[in-house]
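Here the structure is laid out as structure tokens; the discussion comes afterwards.
Excluded from the calculations below are hydrogen atoms, water molecules and symmetry mates; all remaining heavy atoms, backbone and side chain alike, are included. Keep in mind the model is a prediction, meaning the values are calculated, not measured. Just so you know, residue 1 is the first one in the sequence shown, and it goes up from there.
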Amino acid sequence: MPDIEWIVLYMALGAITGFMAGLLGLGGGGMLVPLLTSIFTMQGMSADTAVHLALGTSLACMITSSTASIHAHASQGAIMWRAAGGMIPGIAAGALLAAYAAAKLNPAHIALFFALFMALVALQIFVNWQPEPSKKPVTLRGLLAAGVGIGSVSALTAAGGGFLTVAYLSYKNSDIKTAIGTSAAIGFPIAIAGTAGYVISGWTITSSDPYTLGFVYIPAFLAISIASAVSAHYGARWTHRLPEAFLKKALAIISLLLSIKMLVTLI
């Protein structure tokens with residue numbers, strides 16, 4: 001097993017990311033990926049597999065954090081179950097296929113994609129750009145198509161689901177708090193499908209590495225999941241106490257910092 005200081009560090013990460021997952025409906029993966037990439041590298045893991053392990057482990061941790069976040073948001077009546085149900089099949093298919101394909105991509109390219117995506121999210125919020133709200137009714141076909149896109153990006157960033165779901169639902173005239181609650185619900189199938197894809201795609205690559213299940217590092221998954229399950233509940237409660245403007249600014253700042261962190265790690 002890893003030394004105790006690594007376990008403590010994993011639990012601290014879990015507490016922070018779980019809270020932010022509940023607060024902003026992000027699933028926590030956006031914060032975990034660049035930080036776990038750095039930690040895995042410091043632990044002496046191969047640079048070729050550190051990014052893939054960070055993505056797979058982050059998605060696995062999202063299973064726990066999103067479960068706790070769903071419960072908290074549902075208790076506030078802030079989840080649009082019909083919209084979530086319409087998107088889930090597309091999300092599952094997109095996340096599973098993209099996660100499987102990610103194992104064949106250069107880790108540096110995935111890291112660069114992650115950094116650029118997070119920077120784009122921050123820019124969009126900072127300039128307050130929003131498309132004109134759609135006047136078309138929500139259709140099952142539209143929800144499925146959106147789900148495929150969100151699931152695919154999520155598998156490559158372990159973060160895109162929350163950002164894209166909030167943006168899409170806001171475009172469909174949902175308020176920010178309901179969009180956050182629904183994105184938390186959508187995070188669960190993203191996590192399940194994405195984790196399955198990374199376990200399958202990394203099965204033979206990490207078969208000789210200790211404490212791994214495909215591209216999921218078990219000690220980090222367990223420690224982070226335990227801590228995030230507790231803290232996600234408190235983050236979700238604060239979502240409904242804080243003003244919408246504050247939530248948007250927090251989302252933008254965190255996105256920019258994560259982008260910079262991943263670029264520094266890549267360099």
Side-chain angles (χ1 to χ4, degrees), residues 1-22 26-70 92 95-96 98-105 107 110-111 114 154-159 161 187-233 258 261-262 265:
M1 286 292 290
D3 293 337
I4 187 63
E5 58 265 27
W6 296 115
I7 300 298
V8 172
L9 182 55
Y10 291 144
M11 294 194 74
L13 279 178
I16 295 170
T17 56
F19 182 84
M20 298 309 298
L26 305 183
M31 296 186 70
L32 283 175
V33 172
L35 297 176
L36 281 179
T37 300
S38 297
I39 293 172
F40 289 160
T41 303
M42 288 188 291
Q43 284 185 254
M45 296 184 186
S46 168
D48 291 336
T49 59
V51 172
H52 288 118
L53 278 170
L55 284 165
T57 304
S58 297
L59 284 164
C61 292
M62 281 173 58
I63 297 174
T64 304
S65 62
S66 62
T67 300
S69 184
I70 288 169
L96 182 61
Y100 185 76
K104 306 181 185 302
L105 298 177
I110 297 177
F114 176 94
S154 297
L156 294 174
T157 63
F188 184 75
I190 288 174
I192 292 288
T195 300
Y198 278 102
V199 168
I200 294 169
S201 63
W203 191 264
T204 57
I205 298 174
T206 64
S207 59
S208 60
D209 297 336
Y211 314 120
T212 59
L213 187 65
F215 282 127
V216 177
Y217 187 58
I218 301 301
F221 161 65
L222 292 175
I224 292 170
S225 295
I226 291 170
S228 65
V230 176
S231 60
H233 174 74
L258 292 173
K261 173 59 180 172
M262 183 56 98
T265 301

Can you check whether Ala54's main-chain N or O pairs, donor with acceptor, with Thr57's side chain at less than 3.5 Å?
no
Tell me if a side-chain donor or acceptor on Thr206 pairs with a main-chain N or O of Thr212 at a distance below 3.5 Å.
no
Shortest non-hydrogen contact from [X] toward [Y]:
{"X": "Ser228", "Y": "Ser225", "value": "OG-O, 3.2 Å"}
{"X": "Gly56", "Y": "Thr195", "value": "O-OG1, 4.4 Å"}
{"X": "Ala227", "Y": "Gly14", "value": "CB-C, 3.8 Å"}
{"X": "Ala99", "Y": "Gly197", "value": "CB-CA, 3.8 Å"}
{"X": "Phe215", "Y": "Ser201", "value": "CD1-OG, 3.8 Å"}
{"X": "Ser231", "Y": "Phe19", "value": "OG-N, 3.2 Å"}

Please round to the nearest 0.5 Å and tell me the distance separating atom [atom1] of [X] and atom [atom2] of [Y].
{"X": "Glu5", "Y": "Tyr10", "atom1": "CD", "atom2": "OH", "value": "10.5 Å"}
{"X": "Leu96", "Y": "Tyr198", "atom1": "CG", "atom2": "OH", "value": "11.5 Å"}
{"X": "Ile224", "Y": "Leu32", "atom1": "CD1", "atom2": "CG", "value": "5.0 Å"}
{"X": "Leu213", "Y": "Ser207", "atom1": "CG", "atom2": "OG", "value": "11.5 Å"}

Run the side chain to side chain contact (heavy atoms under 4.5 Å, CB included) test on Leu36 and Leu53 for me, step by step, so that the C-alpha distance in whole Å, both residues' side-chain angles and the decisive distance to 0.1 Å come before the verdict.
CA-CA 8 Å; Leu36 281 179; Leu53 278 170; over 6 Å; no
Using the side chain to side chain contact (heavy atoms under 4.5 Å, CB included) rule, pick out the option among Leu13, Leu9, Ile16 that qualifies with Leu35.
Leu13
Could you give me the CA-CA distance, side-chain angles and deciding distance for Gln43 and Ile39, then say whether side chain to side chain contact (heavy atoms under 4.5 Å, CB included) is met?
CA-CA 6 Å; Gln43 284 185 254; Ile39 293 172; 3.5 Å; yes
Using the rule given for side chain to side chain contact (heavy atoms under 4.5 Å, CB included), can you reason through Trp6 versus Met42, listing the C-alpha separation, both sets of side-chain angles and the distance that settles it, and then say yes or no?
CA-CA 10 Å; Trp6 296 115; Met42 288 188 291; 4.0 Å; yes
